[in-house]
Protein chains: 4
Amino acid sequence: MTSTVPGPLPAMARGRRTKSALVQAGRQLFEEHGFSTVGIDAIAHGAGVSHGTFYTWFDSKEALLREIVTGVAKEIFTATSIGTRLPPDASYARIEAANRSFLRAVTRHSRILRVLDSQADVREDFRGLRLEIRESFVRCGMEGLIRMQELGLADPMLPPRATASALGAMVESFAHLWQDPVEGLDEAEAVDVLTRLWAGAIGLAPQAWPGGDRAAAATEALHE
Amino acid sequence: MTSTVPGPLPAMARGRRTKSALVQAGRQLFEEHGFSTVGIDAIAHGAGVSHGTFYTWFDSKEALLREIVTGVAKEIFTATSIGTRLPPDASYARIEAANRSFLRAVTRHSRILRVLDSQADVREDFRGLRLEIRESFVRCGMEGLIRMQELGLADPMLPPRATASALGAMVESFAHLWQDPVEGLDEAEAVDVLTRLWAGAIGLAPQAWPGGDRAAAATEALHE
Amino acid sequence: MTSTVPGPLPAMARGRRTKSALVQAGRQLFEEHGFSTVGIDAIAHGAGVSHGTFYTWFDSKEALLREIVTGVAKEIFTATSIGTRLPPDASYARIEAANRSFLRAVTRHSRILRVLDSQADVREDFRGLRLEIRESFVRCGMEGLIRMQELGLADPMLPPRATASALGAMVESFAHLWQDPVEGLDEAEAVDVLTRLWAGAIGLAPQAWPGGDRAAAATEALHE
Amino acid sequence: MTSTVPGPLPAMARGRRTKSALVQAGRQLFEEHGFSTVGIDAIAHGAGVSHGTFYTWFDSKEALLREIVTGVAKEIFTATSIGTRLPPDASYARIEAANRSFLRAVTRHSRILRVLDSQADVREDFRGLRLEIRESFVRCGMEGLIRMQELGLADPMLPPRATASALGAMVESFAHLWQDPVEGLDEAEAVDVLTRLWAGAIGLAPQAWPGGDRAAAATEALHE
DNA sequence: TATGAATGAGCTTTCATTCAT
DNA sequence: TATGAATGAAAGCTCATTCAT
């Protein structure tokens with residue numbers, strides 16, 4: 001289709017290709033060597049273009065990182081909204097679904113999120129983005145918790161926001177640690193463990209566990 | 001008193017003072033502006049010496065950071081070994097004590113640990129130190145969990161290592177987030193919440209909770 | 001004319017001009033002030049560019065010196081191969097021609113060769129280059145001596161290599177000393193003296209001297 | 001004797017020992033690594049004293065080098081005056097004696113003389129010292145040559161000063177090259193070759209050669 | 001005398017950024 | 001758009017020298 005359009009379009013297509021090559025090369029290099037270690041030279045070379053071309057597409061190295069992490073953030077926002085598709089009474093399953101999709105998303109982008117972290121400590125604008133990413137998952141957990149507390153399914157003593165922060169951080173941190181081959185768990189097992197921890201942590205009522213209580217949930221998980 | 005010490009000490013004393021001034025200035029600046037942003041000049045100036053003097057005491061900026069975080073690591077190692085002073089049957093109290101001392105230690109050193117994080121992604125030697133710090137708390141939690149599982153006090157289905165990793169990460173991450181004035185909790189409340197989450201997460205048996213079960217534990221915590 | 005050359009050449013031409021300006025400035029400054037005394041700043045300033053530009057063209061000060069002396073070495077290699085163009089029976093004339101071209105080459109590059117000397121004492125790679133330069137003249141002299149010995153024209157007792165080394169060093173050192181206005185000789189006189197010394201040193205047979213013996217050679221030289 | 005004198009003398013003895021330790025360490029390090037490469041730190045450490053002590057004894061690194069080479073120069077001056085002890089009519093023997101003692105002296109101090117060379121190119125004061133060292137041998141050779149020319153024993157066409165310069169440089173350079181195990185000659189052989197070259201170069205009359213002419217001199221040398 | 005901490009000018013080198021082509 | 005030479009601020013680091021002890 002685009003190939004039939006004459007004139008400026010192919011050039012634009014070439015331009016887009018250049019830009020996305022820079023994004024890709026930048027992401028890979030940042031993940032591998034960190035942000036401040038990687039120079040414009042390396043990125044341009046990795047994208048197969050010359051040094052100066054970088055500045056045709058980005059104002060600075062920070063701008064490139066912003067472009068990269070903005071894309072990542074969108075993906076994570078999508079992931080965190082997935083738990084709400086299940087019926088509101090399926091508490092355990094909702095927790096599980098939210099954990100699975102967030103674990104998956106964070107795992108996939110673990111390295112670049114660490115890079116974002118390191119810049120967030122230093123640059124205001126990145127700090128905001130970092131908080132938004134976390135917030136999306138925390139709010140999801142918090143709203144779920146409040147609902148469960150209202151339904152008498154969760155420990156009413158727990159402050160919702162702090163609890164969701166703590167448990168959200170647990171899942172996210174686990175995703176990062178999981179990268180290293182330290183823990184011998186596959187994704188299903190990891191999700192299972194995290195969900196049990198989460199459910200137990202908020203004092204999820206026995207009837208909300210699959211099978212009817214924690215032990216039965218274990219049996220069920222084994223036969224899955 | 002010091003005047004009774006003979007010979008080389010005065011000179012040494014001057015040196016030690018300089019060195020510790022550099023450590024202090026370095027730490028403050030790293031915490032405030034990050035590692036790569038801060039130059040030797042700034043550190044030396046912050047310590048009230050000329051930049052050449054920096055190299056009398058440290059081989060490089062990295063060496064200074066190593067010195068700083070090594071000191072921090074020692075403090076944290078001490079903190080994590082504190083839970084074991086309680087009698088082994090006081091499960092909940094032990095979890096609580098461990099959480100309190102670790103939370104306190106990490107909170108006090110939160111910023112510099114973030115700086116260490118950012119370097120650990122890039123430099124091998126820092127990565128090791130970072131892992132050791134985490135490991136000390138994780139192992140403490142893991143050993144406690146195993147004991148409780150053996151005593152029938154905790155969910156036997158939980159893989160000890162992964163569970164301790166996840167919950168340890170929860171406490172540590174909470175300490176970092178807690179810095180920001182987002183959550184309106186004081187230390188006692190934070191420790192209480194984290195301990196309830198932890199105890200619930202591992203399915204701590206009702207009789208091990210203070211008061212005899214989770215609800216009683218809540219009442220007790222309120223009257224504390 | 002140059003305008004007919006297509007594409008990248010103008011930019012390249014600018015680059016080449018810059019590079020050769022650096023080479024020229026570096027050479028002049030090294031000759032005037034020695035290697036370690038001269039900084040990158042001075043070289044760049046001498047070439048009319050900023051000091052950062054230096055590193056666009058050379059990796060280090062050593063790399064610049066290597067470029068300079070490599071060029072000089074090539075010239076000297078050419079010079080030392082010049083004696084062999086004469087007929088092999090013209091012993092005296094061949095010695096004279098070799099001396100003249102080597103004297104001329106060394107004289108022209110005397111100062112930079114001294115700089116090379118000073119670095120050759122310290123850096124392995126320059127040592128090799130230094131030896132090669134000497135070797136080219138020494139081998140030329142050695143081969144000539146062996147031939148003359150075989151023809152019965154030179155003292156057969158002389159060890160060829162050591163002899164050529166000593167006499168080669170004589171010519172080279174003379175070239176260096178000659179720089180200073182100590183000796184009031186022009187080039188023709190210097191060549192004449194050196195050649196007489198050389199010929200006498202190896203015991204060149206009377207019939208190989210111009211005119212038939214040493215005295216006749218002197219008369220001839222005077223009427224030249 | 002000195003040991004019986006009380007009070008300040010032992011301290012002075014210690015001082016002298018310190019100074020000569022610095023001279024020794026400096027010389028060794030300069031010879032091994034060159035002048036500009038070696039720092040005050042290394043010298044002081046090599047002498048077993050502290051950094052600052054160096055400046056108790058020397059004003060600068062240059063001052064140390066001056067002290068070292070001044071001592072060497074004295075030795076060489078002594079060596080070059082040795083030839084004149086022989087009877088004035090023993091031309092060949094005088095050349096031989098002068099060559100031997102100069103070769104020996106230069107060989108012994110070859111490395112440090114090279115260091116002096118490298119500084120002589122840059123610093124005026126060292127240049128003077130360098131020239132004096134050379135001059136002492138050159139003058140000796142020049143005076144000898146003039147005498148022989150007057151006696152009709154040497155080629156009268158040779159300009160005495162330039163000739164002595166060239167031949168002196170030959171001996172000196174040979175001493176430096178001889179360091180490397182390139183030439184397989186022992187000292188006696190080296191002296192013999194150099195003297196034959198020298199005698200031949202100046203056209204020394206047959207009757208002044210040992211045995212009566214060059215060939216006879218060779219026979220004699222073989223039976224030595 | 002000897003010490004060694006302190007100094008700071010000066011070095012080489014890097015790299016984000018600009019701009020003429 | 002793409003190029004790559006040029007820029008120059010700023011970095012990390014060295015080292016001869018000073019000086020209080």
Side-chain angles (χ1 to χ4, degrees), chain A residues 8 10-12 14-19 36 38-44 48-62, chain B residues 7-19 36-44 48-62, chain C residues 7-19 36-44 48-62, chain D residues 8 11-12 14-19 36-44 48-62:
Chain A
M12 233 178 97
R14 179 158 58 111
R16 287 230 170 275
R17 242 184 298 124
T18 299
K19 184 167 183 179
S36 57
V38 173
I40 302 290
D41 257 336
I43 298 168
V49 298
S50 102
H51 190 136
T53 300
F54 178 89
Y55 289 92
T56 305
W57 297 101
F58 298 98
D59 282 346
S60 65
K61 210 165 58 157
E62 278 78 15
Chain B
L9 251 193
M12 226 176 108
R14 182 162 58 121
R16 287 222 171 281
R17 240 183 299 124
T18 300
K19 185 169 182 178
S36 57
T37 308
V38 173
I40 303 290
D41 270 333
I43 298 167
V49 297
S50 99
H51 82 233
T53 300
F54 177 88
Y55 290 95
T56 305
W57 299 103
F58 299 99
D59 282 344
S60 64
K61 212 166 56 157
E62 279 77 16
Chain C
L9 248 195
M12 227 176 107
R14 181 161 58 121
R16 287 221 172 280
R17 239 184 300 124
T18 300
K19 186 169 181 178
S36 56
T37 308
V38 173
I40 302 291
D41 269 333
I43 298 168
V49 296
S50 100
H51 81 231
T53 300
F54 177 88
Y55 289 95
T56 305
W57 298 103
F58 299 98
D59 281 344
S60 63
K61 214 167 52 158
E62 279 78 15
Chain D
M12 233 179 96
R14 179 157 57 109
R16 289 228 168 276
R17 240 184 299 126
T18 298
K19 185 167 182 178
S36 56
T37 308
V38 173
I40 302 290
D41 257 336
I43 298 168
V49 297
S50 102
H51 191 134
T53 300
F54 178 88
Y55 288 92
T56 305
W57 297 101
F58 298 98
D59 282 346
S60 66
K61 212 165 57 156
E62 278 78 14

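On a predicted model such as this, the values are computed, not experimentally measured, just so you know. Proteins get letters first, then strands, A, B, ... in listed order; numbering begins at 1 in each.
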Less than 4.5 Å apart, side chain to side chain, heavy atoms only: is that true for A:Asp41 and A:Phe54? no
Quick one: on DNA chain E, does C:His51 or B:Phe54 contact a more 5' nucleotide (nearest heavy atom)? B:Phe54
What are the two closest non-hydrogen atoms of A:Ser50 and A:Ala44, and how far apart are they? O-CB, 3.7 Å
Between D:Tyr55 and F:dT17, does any side-chain N or O lie under 4.0 Å from OP1 or OP2? yes
Ranking E:dT17, E:dT13, E:dA6 by distance to the side chain of C:Ser60, first place goes to E:dT13
Rounded to the nearest 0.5 Å, what separates atom NE2 in B:His51 from atom CD1 in B:Ile43? 12.0 Å
Of the nucleotides F:dT7, E:dT3, F:dG4, which has the atom closest to the A:Ser50 side chain? F:dG4
Among F:dA16, F:dT3, E:dT7, which is the nearest nucleotide to the side chain of B:Thr53? E:dT7
Nearest to the side chain of D:Trp57 - F:dA5, E:dT1, E:dA6? E:dT1
If each of B:Thr37 and C:Lys19 is mapped to the nucleotide of DNA chain F with the nearest heavy atom, which maps nearer the 5' terminus, i.e. the 5' end? C:Lys19
Provide, to the nearest angstrom, the distance between the CZ atom belonging to A:Phe58 and the P atom belonging to F:dA2. 12 Å
Taking CG from D:Asp59 and P from F:dA16, how many angstroms apart are they, rounded to a whole number? 15 Å
Whole angstrom value for the distance that separates P of E:dC11 from NZ of C:Lys61: 9 Å
With a cut-off of under 6.0 Å to the ring centre and 45° to the axis, is A:Lys19 in cation-pi contact with A:Phe58? yes
What is the distance, rounded to the nearest whole Å, between atom CD1 of A:Ile43 and atom P of F:dT3? 16 Å
Looking at every strand, decide which applies to D:Gly52 at a 4.0 Å heavy-atom threshold: base, sugar-phosphate, or nothing. base
Now, which nucleotide makes the Watson-Crick or G-U wobble pair with F:dC13, with each of the two distances under 3.5 Å? E:dG10
Nearest whole Å is fine: how far is E:dG10 C1' from B:Asp41 CG? 13 Å
Of the listed E:dT7, F:dT17, F:dT7, the closest approach to the B:Thr56 side chain comes from E:dT7
Rounded to whole angstrom units, what separation is found between the CD1 atom of C:Ile40 and the P atom of F:dA10? 21 Å
Under a 3.5 Å cut-off for both contacts, is F:dT21 paired Watson-Crick or G-U wobble with anything, and if yes, with which nucleotide? E:dA2
Check whether any side-chain N or O of D:Thr18 sits under 4.0 Å from OP1 or OP2 of E:dT1, and answer yes or no. no
